[in-house]
Amino acid sequence: MNILSVTAEIFPLVKTGGLADVAGSLPKALRAHGINTRSIVPGYPAVMRALRGTSVVSQYDDLFGERATLLAAEPDGLELFVLDAPAFFDRPGPPYTDRNGREYEDNWKRFAALSLVASQIAAGLVANWRPDIIHAHDWHAALSLVYLKYAGNGSIPRIMTVHNMAFQGQFPAYHFRNLGLPDEAYSIDGVEYYGDLGYLKGGLQAADAITVVSPTYAREVMSPAFGMGLEGVMNARHADVVGIVNGIDMDVWDPASDPYIDQTYSARTPLRRLPNRQALLDLFGLENTSGPVFASVNRLTWQKGMDLLAATAREIVEAGGTLVVQGEGDAGIERAFLELMRRFPHRVGVRIGFDEALAHRIHAGADAMLVPSRFEPCGLTQLYALRYGCVPVVSRTGGLSETIIDANDAALHAQVATGIQFAPIDAHGLRLALRRAFKLFRRRGDWEGLRRQGMKTDCSWHRSAARYAELYGELLNPDIRLAGSA
Ligand SMILES: Nc1ncnc2c1ncn2[C@@H]1O[C@H](COP(=O)(O)OP(=O)(O)O[C@H]2O[C@H](CO)[C@@H](O)[C@H](O)[C@H]2O)[C@@H](O)[C@H]1O
């Protein structure tokens with residue numbers, strides 16, 4: 001079976017968040033199910049630099065007014081189609097924004113171009129490789145399903161995966177006439193969205209199946225607080241919505257072979273983890289107190305509850321712990337953490353920026369990973385933390401509530417607890433969770449138990465790749481689907 005995956009990011013070539021990790025690792029996991037995935041990605045500078053031995057698939061003189069070439073290549077074990085369109089993608093810095101953090105004005109066109117070409121591949125553009133299913137990730141890829149739907153001619157099945165409802169690709173309606181879609185596509189069944197253009201909305205309407213990245217989030221997005229305007233569409237499509245929890249790449253995130261960390265270790269050799277803790281403290285110039293080293297590797301945003309962490313960080317210092325924060329995002333939250341570092345230079349360490357290697361070192365060295373998200377479709381940081389023996393402290397929402405087993409008395413007694421969950425998701429809730437963490441940390445046996453259980457947890461793609469494979473099978477054979485849902 002051949003799958004065309006459409007994505008704006010793919011690890012290890014271009015990553016701003018979890019989308020890249022999933023787009024990079026799911027295809028690997030699907031191979032075990034006899035599924036071949038090729039991903040189409042934009043030809044950003046980092047992608048173009050990684051290419052060797054490319055072949056030209058197709059050329060465009062006028063793709064939304066620009067020249068472009070569709071290439072095929074296989075860098076870093078990935079099987080890719082790359083849309084080399086310098087006018088759209090040959091820009092320094094992050095993929096969606098300029099150096100000042102402003103969204104590019106032509107994002108509507110850049111990702112419409114990617115999507116249009118993807119839809120052409122789905123319709124048979126490539127002579128020796130035809131996909132059986134097209135799988136679009138997030139709003140950047142959503143129009144590929146819309147183009148296919150309105151092209152007619154019995155398109156292949158279409159899947160839309162939503163990694164985060166907060167990012168929808170909403171643009172002024174006047175761009176519609178430049179998208180090359182038929183007039184009927186500007187409707188409630190198409191891309192019309194509260195009088196604007198909604199790319200994700202259009203993708204959801206054009207999809208045969210919709211996946212979100214955890215069953216809890218699948219339920220949550222049916223309500224306005226989590227659906228963020230799309231709850232109506234999600235409710236209308238609920239029969240076709242399925243939640244599948246993300247897995248992680250067990251090779252990339254493996255403390256037994258991680259090239260970024262000072263000392264490799266495994267669940268069987270927990271003492272070998274200790275030098276990584278000291279190395280982390282040294283790196284940030286922090287004191288080695290008898291309290292836990294808390295960490296956060298995250299976008300510094302409201303979604304991630306990082307303002308709540310900034311507001312409670314003092315508690316960590318006063319109770320005798322240390323805090324390491326790595327991330328970038330809202331200027332106000334960045335400032336708040338930098339200010340905390342200035343006040344408590346030996347207890348709070350902060351790095352503003354995106355740094356994959358440092359993220360590994362933090363997971364390997366910290367005692368606890370704080371993930372106080374206000375909403376979290378799935379979350380990957382807590383899964384990496386489990387694998388690295390860094391106990392996750394998470395808010396009870398979305399995928400966080402499904403992937404971490406709270407250390408309540410029953411779970412501790414049964415030796416199944418893997419972390420701490422808290423609710424309500426506010427500063428007070430987080431404060432109480434921190435107090436629980438301090439208490440458990442002092443009870444060394446319980447803390448080691450949490451760490452051990454976490455490291456034993458299967459966070460691989462094993463089960464979830466099987467769910468995707470099953471879904472692909474159902475879409476290609478609707479009779480099975482009917483039988484299954486009866
Ligand atoms: N400054 C930094 N330096 C280095 N690495 C950093 C970093 N800041 C973040 N990261 C890394 O980026 C990734 C973030 O992934 P998440 O899944 O936690 O959230 P994100 O909101 O990006 O993803 C969305 O999509 C994913 C995938 O489906 C869902 O899990 C999630 O809930 C949803 O919000 C992790 O690998 C994290 O370690």
Side-chain angles (χ1 to χ4, degrees), residues 5 7-12 14-26 94-96 135-141 160-168 200 210-218 220-221 226 228 243-249 252-253 258 260 295-306 309 324-330 333-334 337 349-364 366 369-388 390 392 394-395 397-404 459 461 464 468:
S5 172
T7 177
E9 298 183 23
I10 196 160
F11 182 86
V14 49
K15 167 172 170 177
T16 70
L19 164 66
D21 286 354
V22 172
S25 57
L26 178 58
Y96 316 114
H135 188 161
H137 294 270
D138 278 352
W139 73 263
H140 329 91
M160 182 76 237
T161 289
V162 185
H163 295 268
N164 193 337
M165 280 290 177
F167 304 112
Q168 303 186 351
L200 182 58
I210 297 167
T211 78
V212 300
V213 289
S214 69
T216 302
Y217 194 56
E220 289 172 341
V221 292
F226 294 91
M228 303 187 158
I244 305 177
V245 166
N246 292 327
I248 63 172
D249 189 320
V252 173
W253 291 89
D258 191 324
Y260 297 125
S296 163
V297 179
N298 231 329
R299 282 188 284 119
L300 302 182
T301 60
W302 183 89
Q303 175 201 337
K304 300 292 183 182
M306 295 310 283
L309 179 56
V324 170
V325 175
Q326 184 203 352
E328 58 187 358
D330 295 352
I333 301 181
E334 288 183 0
F337 280 115
V350 178
R351 280 290 153 82
I352 302 299
F354 199 96
D355 181 341
E356 190 76 16
L358 181 57
H360 284 245
R361 301 180 72 178
I362 294 176
H363 282 82
M369 184 60 66
L370 299 170
V371 193
S373 307
R374 287 195 169 82
F375 67 95
E376 195 60 75
C378 177
L380 294 172
T381 316
Q382 84 280 9
L383 302 181
Y384 300 141
L386 285 177
R387 177 116 168 104
Y388 276 61
C390 178
V394 306
S395 51
T397 184
L400 298 175
S401 61
E402 284 176 50
T403 53
I404 304 303
C459 300
W461 271 107
S464 296
Y468 277 107

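Values below: all heavy atoms of this structure, side chains included; hydrogens, waters and symmetry mates excluded. Residue indices begin at 1 and follow the sequence shown. Whatever order the structure lists them in is the order used to number ligands and atoms, beginning at 1.
- Taking the six-membered ring where tryptophan is involved, the planes of Tyr388 and His363 are perpendicular, since the angle between them exceeds 60° and thus also 30°.
- Not a single heavy atom of Gln382 sits closer than 4.0 Å to an atom of ligand 1.
- Ligand 1 has a nitrogen or oxygen under 3.5 angstrom from a nitrogen or oxygen of Gly353.
- In this structure, Leu300 and Ile352 approach most closely via the heavy-atom pair CD1-CD1, 3.9 Å.
- Contacts with ligand 1 closer than 4.0 Å are made by no heavy atom of Leu358, backbone or side chain.
- Of all atoms in ligand 1, numbered sequentially from 1 with element shown, those under 4.0 Å from a heavy atom of Asp21 are 36 (O).
- Here Val22 has side-chain heavy atoms under 4.0 Å from ligand 1, and that is the only part of it that gets that close.
- Contact annotation: for Thr16 versus ligand 1, there are no heavy atoms closer than 4.0 Å.
- In this structure, Ser214 does not count as a contact residue of ligand 1, since none of its heavy atoms falls inside 4.0 Å of the ligand.
- With a 4.0 Å heavy-atom cut-off, ligand 1 is reached by the side chain of Asn164 but not by its N, CA, C or O.
- For atom 22 (O) of ligand 1, the nearest protein heavy atom (residue, atom name, distance) is Gly18 N, 2.9 Å.
- Of all protein heavy atoms, the one closest to atom 30 (O) of ligand 1 is Gly379 N, 2.7 Å.
- In this structure, the protein non-hydrogen atom closest to atom 19 (O) of ligand 1 is Lys304 NZ, 3.0 Å.
- A side-chain donor from one of Thr161 and Thr211 sits under 3.5 Å from a side-chain acceptor of the other.
- At the shortest separation from atom 31 (C) of ligand 1 among protein heavy atoms lies Glu376 OE2, 3.2 Å.
- With ligand atoms numbered from 1 in the order given, ligand 1 contributes 18 (O), 37 (C) to contacts under 4.0 Å with heavy atoms of Thr381.
- Heavy-atom contacts of Gln326 reach the following atoms of ligand 1: 1 (N), 2 (C), 3 (N), 4 (C) (cutoff under 4.0 Å).
- Distance from atom 8 (N) of ligand 1 to its nearest protein heavy atom, with residue and atom name: Asn298 C, 3.6 Å.
- For Met306 against Pro372, the heavy-atom pair with the smallest separation is SD-CD, 4.4 Å.
- Nearest heavy-atom pair across Leu370 and Leu309 is CD1-CD1, 3.5 Å.
- A heavy-atom separation below 4.0 Å is not found between Tyr217 and ligand 1.
- Listed by atom number, the atoms of ligand 1 under 4.0 Å from Gln303 heavy atoms are 34 (O).
- Across Ala23 and Thr7, no two heavy atoms sit closer than the pair CB-OG1, 3.6 Å.
- Near His163, meaning under 4.0 Å from any of its heavy atoms, are these atoms of ligand 1: 24 (C), 25 (O), 27 (C), 28 (O), 33 (C), 34 (O).
- In this structure the side chain of Ile244 reaches within 4.5 angstrom of the side chain of Tyr468, judged on heavy atoms.
- Checked against the 6.0 Å centroid criterion, the rings of Trp253 and Tyr384 qualify as a close aromatic pair.
- When each atom of ligand 1 is checked for a heavy atom of Arg299 under 4.0 Å away, the hits are 8 (N), 20 (P), 21 (O), 22 (O).
- No donor-acceptor pair under 3.5 Å is formed between the side chain of Glu356 and the backbone N or O of Pro12.
- Regarding atom 2 (C) of ligand 1, its nearest protein heavy-atom neighbour is Phe354 CD1, 3.4 Å.
- A pairwise comparison of heavy atoms in Val252 and His360 identifies O-CE1, 3.2 Å as the closest pair.
- Of the protein's heavy atoms, Leu380 N, 3.1 Å lies nearest to atom 17 (O) of ligand 1.
- Taking atom 38 (O) of ligand 1 as the reference point, the nearest protein heavy-atom neighbour is Val297 CG1, 3.9 Å.
- Between Arg374 and Thr397, the shortest heavy-atom contact is O-OG1, 3.8 Å.
- In this structure, a donor-acceptor pair under 3.5 Å is present between the side chains of Glu9 and Thr16.
- Interface atoms of ligand 1 facing Asn246, defined by a heavy-atom separation under 4.0 Å, are 27 (C), 28 (O), 29 (C), 30 (O).
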